[in-house]
Amino acid sequence: MIQCWRLEDARQTLVIGVRDKQLAEVVYWGPRLPADENLETLCAAHGLDVAGGMLDQHPELSICPAAARSFQGQAGMALRDGNGKPILPKLVFDQAVAETNALTLSYSDQANGLSYRAHFAIDAETNLITTWAELDADQPINLQYLAAPVFPAPQLSDEMIDFAGRWCGEFQLSRTPWSAGMRSRDNRTGRTGHEHFPGLIIPCRGATNTQGEAYGFHYGWSGGHRMIAEELPDGRRQIQFSNASDTELAPLTYFKTAPLFVTYSDTGLNGCATAFQRHLRDRVVTWPHPDRPRPVHYNCWEAIYFDHKIPELQAIADRAADLGAERFVLDDGWFGKRDDDTTSLGDWFIDARKYPDGLSPLIDHVHGLGMTFGIWFEPEMINPDSDTYRAHPEWVLGDDHQILGRHQMVLNMALPAVRDYLFDRIGKVLTDYDIDYIKWDHNRVLPSPDADQTRGTYDLLDRLRTAFPQVEIESCSSGGGRIDFGVMEHTQRVWLSDSNDALERLKIQHNAALFLPQAVTGSHIGPRVCHTSGRILDIRFRAWVAAQRHMGFEMDPRELTDDEADVLRRVTQWWKDNRDWMRRADILRLDAADPAVLAEQHLRQDQFVVFAGKADTSTQIAPRPLRLTGLDADATYRVDLANRDELARKGLSRGQSPLKTGPIEVSGQYLMHHGITLPWSFPETMWVIEGHKI
Ligand code: GLA
């Protein structure tokens, strides 16, 4: 007997079928099928032939591949009973609950006392499918591994793209050719990690940023994920995502995976990117003030580090406000006796040596300048050199053998007493002062991974958000060490990287846009001599790179020359004039013919802006035309350079390119299939091109 269901939006159809009460299989996932497609025929046609050297029937590549069905690849769950004996579940279909755009499939295994549910929901506007699994057990069991519902991967695909990275170098694309066997990533850091962004893109053969087919996956969990991309001996391919293995440290009777977000695109990698960007911005993140423009930030970290002096901070605030900042964020160093990073994490009391009258003299000054005030915490951490540690050594996670990270240990967030303490301390600061923003940091990996830690942190974030609904929170973890849709359910911004080097940032932002929209992605203009790379980059390039995302400043503004301050003021004003539509725009990565150019197009309805960053010198002498994407082929667009005033500074250009003197009007077809020919420019510069449909 066969039962089938289809979930779909305008771009894709997902067909799920159950045969003979076995675990369901995804029998089709791709472009939208005709309405009259016979799903039972699809399910029947899905079966593979059997030949020599194999079992008499192919074990289902199901939503939870079952070892008990002789599945020889990675099974969808690994369990042990209370005595440590492996359980091999034999799940039998019970029922399906199908609603518009949602499906829940329930299974049970009477003999082992288990029940399993797989959930699927499709969002017709964002084109993202959300799926997760739950498992109940009659008796407490040990869970080593439970995959979110498993998807087949396309076979007309030669490679997979996942993500690596490091401090100051997040979102590095890692391309691995498909081959027999398994690519497995099991993140043992206990946090999302710079090294392990939980995303995967499977491009079909020939796909680029702007064209071809691609499948996108993201696992929304901050405790570290496990990914398996496996090609079976029979040629089938499966994709599994779950929490990192063995992170449930106690026997339990209920388990739930984090949500796995997936999408199919027929517009290249960009189709995946727009689904993730829109879903994160419009569904996952909840904004305290949805209609308030995103404020320009000033963050004092790279200006003063731990050296807090009220008059200096006030003088910095004056300059920042004059440049256009609208929110002043006081970073690390205001609490305990925090004169460097060896001490005081956990002691969330204002340092009376630095702030004898509390924070009011600074906050009032900042408010007087028309800016709001934000503040840094690193709640989950503790220095052994702190009063809190001396009073509560039992609050710490891990044992004596662990190695410290940045001189600090991790608090055990599963302990209610720890969460209560942090809620009280953070709550006191938020109650005593008018503060609308927290930069929430997490500067080390866990001593060992533990899912309870992540649940505890989410719980504290929720409690604080309920008590202080007007406060926005940024997820920072030495830059981009905790970026995922799980933490973004509780926060509104990510500190993408500690690298304020515009050249590095250009690359990190470009890749992060495969998942992250403009509205949540922090980007700051750092000091003239970059503190993490030693590079000196022109203020124009630094300013435009920050203007691609949620803009801010992080240098000591007193170092700026008049020219630099002038540029900053102008680019910041440009950003303010455009931030509202850009916040709602899709970021589309362009297929630049010149590999030296990293270009993206922010597109919303009839308006776009292209940022064409020159990351290197070109091999050829003249600029190659840059093709745009997603436009109306038959419409005419007025295209203009937003930063024509920089022509003189961009080097050796001496030709007659019409864009040098004014806008041009051309068709969408021309822009998408020939492209814009830009004036010549030095490396480490940016062209900003604005376009409107007329
Ligand atoms: C981390 C963050 C930085 C800064 C410092 C403060 O490294 O990523 O932005 O807040 O901590 O100690």
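Just so you know, ligand 1 is whichever comes first in the structure, and atom 1 is the first atom listed for that ligand. The analysis underlying the following values was restricted to heavy atoms, covering all of them including side chains, and did not include hydrogens, waters or symmetry mates. When a residue number appears, it is its place in the shown sequence, counting from 1.
More than 12 non-hydrogen atoms from other residues, nucleotides or ligands lie less than 6.0 angstrom from NZ of Lys576. Counting non-hydrogen atoms of neighbouring residues, nucleotides and ligands closer than 6.0 angstrom, the CG atom of Asp562 reaches no more than 12 such neighbours.
Both cation-pi conditions hold for Arg583 and Trp287: the charged atom is under 6.0 angstrom from the six-membered ring centre and inside a 45 degree cone around its axis.
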Criterion side chain to side chain contact (heavy atoms under 4.5 Å, CB included) on Glu170 and Phe197, from CA distance to verdict: CA-CA 8 Å; Glu170 293 82 348; Phe197 175 75; over 6 Å; no

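Between His524 and Trp495, the ring center distance clears the sub-6.0 Å criterion.
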Atom pairs and distances, ligand 1 N/O vs protein N/O under 3.5 Å:
from     : atom 1 : to     : atom 2 : distance (Å)
ligand 1 : 7 (O)  : Asp498 : OD2    : 3.1
ligand 1 : 8 (O)  : Gly479 : N      : 3.0
ligand 1 : 8 (O)  : Asp498 : OD1    : 2.6
ligand 1 : 8 (O)  : Asp498 : OD2    : 3.0
ligand 1 : 9 (O)  : Lys439 : NZ     : 2.7
ligand 1 : 9 (O)  : Asp498 : OD1    : 3.3
ligand 1 : 10 (O) : Asp331 : OD1    : 2.7
ligand 1 : 10 (O) : Asp331 : OD2    : 3.3
ligand 1 : 10 (O) : Trp376 : NE1    : 3.1
ligand 1 : 10 (O) : Lys439 : NZ     : 3.0
ligand 1 : 10 (O) : Asp441 : OD2    : 3.4
ligand 1 : 11 (O) : Asp441 : OD2    : 3.0
ligand 1 : 11 (O) : Asn443 : ND2    : 3.2
ligand 1 : 12 (O) : Asp332 : OD2    : 2.6
ligand 1 : 12 (O) : Arg406 : NH1    : 2.9
ligand 1 : 12 (O) : Arg406 : NH2    : 3.0

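Of all heavy-atom pairs between Met371 and Ala321, the closest is CE-CB, 3.9 Å.
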